[in-house]
Amino acid sequence: VPSGHSRVREVEAENRQIRLRLSQSLGTAAQPQEGNYGNQQWGASADTGPEDVENTAEEKNNHTECPRAPSVQKCELIHVACVCAGHNASRDVVTLVKSILFHRRNPLHFHFITDTVAHRILSTLFQSWMVPSVQVSFYDADELKSEVSWIPNKHYSGIYGLMKLTLTKALPSNLSKVIVLDTDITFATDIAELWGIFQKFTDKQVIGLVENQSDWYLGNLWKNHKPWPALGRGFNTGVILLYLERLRRLRWEQMWRLTAERELMSMLSTSLADQDIFNAFIKQNPVLVHQLPCFWNVQLSDHTRSEQCYTEVSDLKVIHWNSPKKLRVKNKHVEFFRNLYLTFLEYDGNLLRRELFGCPSQATPESIRLQTSLEDLDEDDQCYDFRRERITVHRVHLYFLQYEYTPTEDDVTLVAQLSMDRLQMLEAICKHWEGPISLALYMSDAEAQQFLRYAQASEVLKNRKNVGYHVVYKEGQFYPVNLVRNVALRNANTPYVFLADVDFLPMYGLYDYLRRAVVQLDMAHTKKALVVPAFETLRYRLSFPKSKAELLSMLDMGTLYTFRYHVWTKGHAPTNYAKWRTATTPYKVEWESDFEPYVVVRRDCPEYDQRFVGFGWNKVSHIMELDAQEYDLMVLPNAFMIHMPHAPSFDISKFRSSPSYRNCLGTLKDEFHQDLSRKYGSSALKYLTAQRNI
């Protein structure tokens, strides 16, 4: 929900604090040597044309005085393009976008050239982010591959590293100019300043670039090092101003192709992807390039001259992590730059949902629906906070880590949700369940980064590519448990799902057992919910039973108990544990009030009811709806799961200590019963009757 004046003031205050910290951090920075920026070694070369010499002289002035860029109209729309493919690049582009949104004062239109993975991730993220005055368009990278697939490329970015060459074709024909950015960019200023530089282009200039800050294009870095031709040091294509309208008039598509074909006859392949071809083109056509001041692309690869681009914080505009080492790059001030990057990496993206005052944004259908729902709420209602949470739109980042899995027709995904305090359960679950997992994680931006570091360092987790991690970002005072569950459920890609909780360990071999069960019980053609009996231990160290016989022995000895036997017997009593002890075939049980078993169902099952937040009735309501839809509840005779002990959640503590919390839960139950009756008719009256008889 777009925030008001108080949120804007908070962001501006944080902006000032960050600037202050960065100024203090850079206070010990070494001063650059005067005169390097603009001589033949650092700028103009023997091949530089008259206009380029003029630009280079201008660069020296820009470096020392950092003049203000031409002003941009208050509500002028700024267009930004980015090529993004895969899970990792999708994470990187979010940090880039955060840094742009933090400083921006203009409406933005992002143009993403994506593969199917990045499109799914980023489209979901922006739809749920709902940032005012931000438009997003997507373009299918697969449709552009044929344009560049003929070019051999040694760069680690692969075919996607060549796609910036195709932007005149990929982007709309009525788009006249665009800022093009790599995903490993961080902004330290308002992007409107960069957009304003288009006004400084001469009539002939079509592309704006910063000079390359390494010696790569000078050659001789090692024996037989032969770079592509370039003007002097060449240019870096991490930040580009593209005058699309003029490029199209110049027949850019034919020109870069001819350049690439000519050079490939001797070079055989590119080493730096599109950058090599851009530079070879500029070498032949120097009059077409506008050289940007180097602080618009401070390049942090090893052994660069980037520190000559700045003397203080106000000089910094754009930081470019253009080394494969990324944050581990060798640079005198890398700690300072890393802190700047981490500021945006962990920054609360909800704070960026702020209006641009004086720049009216076009309301989306989703924002109109949300505003209407908010206006319908009664702020005097004692359950206002519960109802408000139900309509809150949480940012969602799907597939936070790499996911690669092709399901089979009898496949089952374990579906669960967790927060930071249950993170320690992940490794154990992965050891017990070798099949696919869909996990939704309710976390802040900073916690999501802690999780990322944890997962990448774990020997168990980093090798599992069949676990989909979906981050739902924190907002509001309640844990939206059923919303988070639904995110995990929607993004399972197998025909069947095992709806579990993260604090349970499934028995060893349960994945294979369930796959056989869904076939034997004809789950594909019948409405069944397979119940996996739940047990618990009060011991933190448990010798996990390897069979049903061993579990029964531990049950008799008091090492294990049926789940919630001591505090909430009704939740699992209908499982009929006495019958289960001797059962050898699946048996049907009837629904009873407050029954909340863990079940295996088809993926097209009803979703969880999102009115239930925090503690209470979040699973009970789901099982009730399964029964209302006439699912048969079938208990599996040779399956089990065991709940591991942990500290009580914050929400259960609120439930126990707050009478108003319990009263509101009762109100929500009544409303759920009424909705169930309207949806399923007289057959749903039994649920209301059962509730009144409690």
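Numbers for residues simply follow the sequence, beginning at 1.
- Ring orientation note: the planes of Phe595 and His572 are nearly perpendicular, at an angle over 60° on the 30°/60° scale.
- Ring orientation note: the planes of Trp433 and Phe498 are tilted relative to one another, at an angle of 30° to 60°.
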Residue pair Ser419, Met443: steps toward the side-chain contact (heavy atoms from CB on, under 4.5 Å) verdict
CA-CA 6 Å; Ser419 55; Met443 295 178 169; 5.9 Å; no

Walk me through it: do Tyr680 and Glu625 pass the test side-chain contact (heavy atoms from CB on, under 4.5 Å)?
CA-CA 9 Å; Tyr680 298 106; Glu625 184 145 14; 2.7 Å; yes

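- Using a 30° and 60° split on the angle between ring planes, Tyr442 and His394 fall in the perpendicular class, above 60°.
- Counting only N and O atoms by type, the side chains of Asp411 and Tyr511 include a donor and acceptor under 3.5 Å apart.
- A salt bridge is defined here as a Lys NZ or Arg NE, NH1 or NH2 lying under 4.0 Å from an Asp or Glu carboxylate O, and Asp348 with Lys474 fails to meet this definition.
- Counting only N and O atoms by type, the side chains of Asn482 and Arg611 include no donor and acceptor under 3.5 Å apart.
- Of the listed residues (Tyr577, Tyr598, Tyr561), just one forms a ring-ring contact (aromatic ring centres under 6.0 Å, His included) with Phe535, and that residue is Tyr577.
- Partner Leu398 forms a side-chain contact (heavy atoms from CB on, under 4.5 Å) with one of Val487, Leu125, Val471 and no other, that one being Val487.
- In this structure, Phe126 and Phe112 have tilted ring planes: the angle between them lies in the 30° to 60° band.
- Between Asp410 and Arg515, at least one side-chain N (NZ, or NE/NH1/NH2) sits under 4.0 Å from a carboxylate O, which counts as a salt bridge.
- Using a 3.5 Å distance cut-off with no hydrogens or angles, the side chains of Ser438 and Arg490 do not pair a donor with an acceptor.
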Please determine whether side-chain contact (heavy atoms from CB on, under 4.5 Å) holds for the pair Met644 and Thr537, giving the CA-CA distance in whole Å, both sets of side-chain angles, and the decisive distance to 0.1 Å.
CA-CA 6 Å; Met644 306 304 291; Thr537 178; 4.0 Å; yes

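- A cation-pi arrangement, defined by a distance under 6.0 Å to the six-membered ring centre and an angle within 45 degrees of its axis, is present between Arg91 and Phe400.
- Using modelled atom types, no side-chain atom of Arg564 and backbone atom of Gly571 make a donor-acceptor pair closer than 3.5 Å.
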Would Tyr469 and Leu426 count as a side-chain contact (heavy atoms from CB on, under 4.5 Å) here? Give the steps.
CA-CA 11 Å; Tyr469 300 100; Leu426 284 185; 4.1 Å; yes

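- Screening Asp503, Ile429, Asp501, Leu441 for a side-chain contact (heavy atoms from CB on, under 4.5 Å) involving Leu418 leaves a single residue, Leu441.
- The side-chain heavy atoms of Pro545 and Phe640, taken from C-beta on, include a pair separated by under 4.5 Å.
- Side-chain polar atoms of Asp385 and Gln477 form a donor-acceptor pair below 3.5 angstrom.
- Ring geometry, Trp617 versus His673: the interplanar angle exceeds 60°, so the pair is classed perpendicular (tilted spans 30 to 60°).
- With a 6.0 Å cutoff to the six-membered ring centre and a 45° limit on the axis angle, Arg602 does not count as a cation-pi contact of Tyr496.
- Crowding of Glu409 atom CD: a count of heavy atoms from other residues, nucleotides or ligands under 6.0 Å not exceeding 12.
- Around the CD atom of Gln456, the shell of radius 6.0 Å holds more than 12 heavy atoms that belong to other residues, nucleotides or ligands.
- Other residues, nucleotides and ligands contribute only 12 or fewer heavy atoms inside 6.0 Å of the NZ atom of Lys546.
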